[in-house]
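Note that the coordinates shown come from a computational prediction; the quantities given were computed from them, not determined experimentally.
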Protein chains: 2
Amino acid sequence: MTQMTIGRLSKAAGVKVTTIRYYESIDLMGEPDRSSSGQRLYGDEAVQRLSFIRHARDLGFPMEAVREMIDLQTQPDQDCTAVDAIAREQLADVRKRLTQLEALEAELKRMITCCEGGRVDTCRIISTLNDHSECIADAHERLSTF
Amino acid sequence: MTQMTIGRLSKAAGVKVTTIRYYESIDLMGEPDRSSSGQRLYGDEAVQRLSFIRHARDLGFPMEAVREMIDLQTQPDQDCTAVDAIAREQLADVRKRLTQLEALEAELKRMITCCEGGRVDTCRIISTLNDHSECIADAHERLSTF
DNA sequence: CTTGCCTCTATAGTCGCTGTAGACTGTAGG
DNA sequence: CCTACAGTCTACAGCGACTATAGAGGCAAG
């Protein structure tokens with residue numbers, strides 16, 4: 001199976017047809033061959049590239065980084081310091097997001113332990129959101145439930 | 001200082017002027033008073049509401065949830081089960097994202113330990129992105145660096 | 001009075017897609 | 001061969017949550 005239509009490629013790579021065309025339009029995929037009637041025809045390397053893109057995106061790499069890495073792949077004789085740098089940057093970013101999310105988790109737990117099913121006007125979640133500095137002291141003992 | 005212009009509100013609440021007007025346009029803020037020349041004039045409760053919105057957004061609450069909570073605040077005599085439910089949902093979501101990010105961190109670490117500054121065509125980061133199932137075995141011993 | 005910042009409205013642009021419309025193509029069954 | 005029907009084509013609009021721009025008018029200090 002050397003040539004496949006966009007729909008088959010879509011299934012093979014797990015990327016929607018419209019998204020593939022979109023990637024083409026922003027020059028992430030080269031221009032594919034066309035059948036006599038104008039339908040796009042792809043080879044297996046298109047599956048590779050799409051999986052690469054999708055995987056990188058799943059890992060949270062920004063589009064720009066993906067593009068850079070793809071460009072680098074077209075010059076395979078260079079050293080890969082640049083690729084390494086991109087990955088390290090991404091790792092740092094992920095770490096930052098992890099820290100933020102952890103703080104966030106703690107705060108949400110706190111909010112929830114503070115809400116005891118009263119009325120909205122005394123609700124601790126609401127007041128926590130209104131004023132960041134509330135309801136910390138008495139939360140600690142109840143956190144185990146979460 | 002009972003009435004302030006949008007710029008002062010912006011500074012007081014840490015939300016950009018344009019964003020405030022945007023929130024007004026999507027009915028998150030009520031219509032403010034206007035000066036004789038048509039400039040928006042806000043009271044302190046606007047600072048409250050904006051901080052609430054910003055804080056909730058920082059915590060990752062979706063806009064829709066923010067809107068719901070604001071609506072609930074206008075009916076302060078109801079019980080706050082709904083608010084609690086929203087917060088719990090958000091907590092579950094945060095947990096999910098945490099798990100994903102942790103997996104992601106692990107994979108990025110793996111990718112980086114595998115990349116030894118060779119050439120792009122042998123770069124393990126690139127090949128990891130191309131094919132998910134590589135380069136796991138020999139990574140473990142070097143992970144400590146990260 | 002002028003300078004310079006603030007505010008106004010309305011509109012377009014951002015990112016990373018997704019969805020739509022309306023036409024054409026390719027294929028399988030009868 | 002004809003008919004269905006699924007797949008494909010282009011071009012463009014829409015999404016969320018803002019951000020930026022243009023061009024006009026407002027306000028306070030020097």
Exercise. Is atom CD of B/E89 surrounded by more than 12 heavy atoms (other residues, nucleotides or ligands) closer than 6.0 Å?
Worked result: no
Exercise. Counting just side-chain N and O atoms, does A/S37 come under 4.0 Å of either OP1 or OP2 of C/dG26?
Worked result: yes
Exercise. Which value, rounded to the nearest 0.5 Å, describes the distance between A/E68 atom CD and A/E64 atom CD?
Worked result: 6.0 Å
Problem set entry | Sugar-phosphate only, base, or nothing, as touched by B/T5 at under 4.0 Å among non-hydrogen atoms | sugar-phosphate
Exercise. Quick one: B/I6 CD1 to C/dC8 C1', roughly how many Å, whole number?
Worked result: 10 Å
For this session: May I ask you to test the B/Q39-B/I6 pair for a side-chain heavy-atom distance under 4.5 Å?
Result: no
Seminar exercise, completed: Of B/E31, B/M29, B/R34, B/M4, the one forming a side chain to side chain contact (heavy atoms under 4.5 Å, CB included) with B/R40 is B/R34
Seminar exercise, completed: In this structure, CG of B/D58 is separated from CD1 of B/I53 (nearest 0.5 Å) by 11.5 Å
Exercise. Going 5' to 3' along nucleotides 10-20 of chain D, which nucleotides have protein heavy atoms under 4.0 Å from the base (write B), which only from the sugar-phosphate (write S), and which from neither (write -)?
Worked result: B------BBS-
Exercise. With a 4.5 Å limit on heavy-atom distance, are the side chains of B/F61 and B/M69 in contact?
Worked result: yes
For this session: Can you see which heavy atom on B/D27 is nearest to which on B/R67, and at what distance?
Result: O-NH1, 3.7 Å
Exercise. With side chains defined as the heavy atoms from C-beta onward, is the minimum distance between A/I20 and A/Y42 less than 4.5 Å?
Worked result: yes
For this session: State, to the nearest 10°, the angle formed by the axis through the first five base pairs of the helix from C/dC1-D/dG30 to C/dG30-D/dC1 and the axis through its last five.
Result: 10°
